[in-house]
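There's a structure below that I have some questions on.
Below, each value reflects all heavy atoms present in this structure, side chains not excepted, and no hydrogens, waters or symmetry copies.
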Amino acid sequence: MIKIYHNPRCSKSRQGLAILEESKKEFEIVKYLEEIPSEKELKAIIEKLGVSPIQLVRKTEKIWKENFKGKELSDDEIVTAMIENPKLIERPIVINNNKAVIGRPPENIATIL
């Protein structure tokens, strides 16, 4: 099952959703600002993406700049920061079985469909 971690207010996320709709494949939408992933779920997403936690952080967000920028944080502390402040999670994330991509640019999504 394909899953998209989606923020309806984000243009890139909306573009990613449109790519999935056009694919005519069945998928699930997770509005991750409302349905915040658990620590276990977020770590599994990071593993599927093949990135380090810091690579999933939106470093331009005000929350990051004011509270975390310039600090030495462990991977677990970064994951906790994303769970406590889900706006920090890069979007959209699309997962198809054991493959995952960050939809920036949205065309990345086509590589795992």
Pairs where residues 11-24 contributes a residue and the test side-chain hydrogen bond (donor to acceptor under 3.5 Å, both in side chains) is met, not counting sequence neighbours: H6-S13
E61: side-chain hydrogen bond (donor to acceptor under 3.5 Å, both in side chains) partners, not counting sequence neighbours: R58
4.5 Å side-chain heavy-atom contact, I78 and K71: no
Point-to-point distance, once rounded to the nearest 0.5 Å, from CD1 of I45 to OG of S38: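 Separation between the atoms: 8.5 Å.
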Any I95 side-chain heavy atom under 4.5 Å of I2 side chain: no
Note, N7 side chain near K31 side chain (heavy atom, < 4.5 Å):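 Side-chain contact under 4.5 Å: no.
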Flag if over 12 foreign heavy atoms under 6.0 Å of NZ, K87: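 No.
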Closest contact, heavy atoms only, I83 versus P37: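 Nearest heavy atoms, I83 then P37: CG1-O, 3.8 Å.
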Qualifying side-chain hydrogen bond (donor to acceptor under 3.5 Å, both in side chains) pairs, either residue in residues 45-55, two or more places apart: S52-Q55
When the side chains of residues 106-113 are checked against the rest of the protein, which donor-acceptor pairs come out under 3.5 Å, sequence neighbours left out?
unit_1: N108; atom_1: ND2; unit_2: I102; atom_2: O; d: 3.1
unit_1: N108; atom_1: ND2; unit_2: R104; atom_2: O; d: 3.1
unit_1: T111; atom_1: OG1; unit_2: N108; atom_2: O; d: 2.6

4.5 Å side-chain heavy-atom contact, I54 and K59: yes
Transitive ILVMFWY cluster of M1, excluding itself - 4.5 Å side-chain cut-off: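 The other cluster members (ILVMFWY side chains, heavy atoms under 4.5 Å, direct or chained): none.
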Summary of ring pair (Phe, Tyr, Trp, His ring centres under 6.0 Å) pairs that have at least one residue in residues 40-78, sequence neighbours excluded: W64-F68
Interatomic spacing from CD in E26 to NZ in K3 - rounded to 0.5 Å: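 Going from CD on E26 over to NZ on K3, the span is 13.0 Å.
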Verify same cluster id: I29, L42 (apolar side-chain graph, 4.5 Å):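 Per the 4.5 Å side-chain linkage, I29 and L42 are not co-clustered.
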Ring pair (Phe, Tyr, Trp, His ring centres under 6.0 Å) partners of residues 91-113, not counting sequence neighbours, each pair once: none
Heavy-atom side-chain proximity of M82 to V57 below 4.5 angstrom: yes
I4 side chain reached by I93 side chain, heavy atoms, under 4.5 Å: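 No, side chains not in contact.
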Test side-chain hydrogen bond (donor to acceptor under 3.5 Å, both in side chains) applied to E41 - qualifying residues, sequence neighbours left out: Y5
With E39 via salt bridge (Lys or Arg N to Asp or Glu O under 4.0 Å) - residues at least two apart: K43
Same apolar cluster: L88 and Y32, side chain cutoff 4.5 Å: yes
Separation between OG1 of T60 and NZ of K69, rounded to the nearest 0.5 Å: 10.0 Å
With E77 via side-chain contact (heavy atoms from CB on, under 4.5 Å) - residues at least two apart: L73, S74
Validation row: L56, I89 side chains within 4.5 angstrom (heavy atoms):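 Touching, per the 4.5 Å side-chain cut-off.
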Within one Ile-Leu-Val-Met-Phe-Trp-Tyr cluster: I46 and V101, side-chain cutoff 4.5 Å: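 Different hydrophobic clusters.
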Any residue meeting ring pair (Phe, Tyr, Trp, His ring centres under 6.0 Å) with F27, in chain and number order, not counting sequence neighbours: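 Per chain and number, F27 pairs via ring pair (Phe, Tyr, Trp, His ring centres under 6.0 Å) with no residue.
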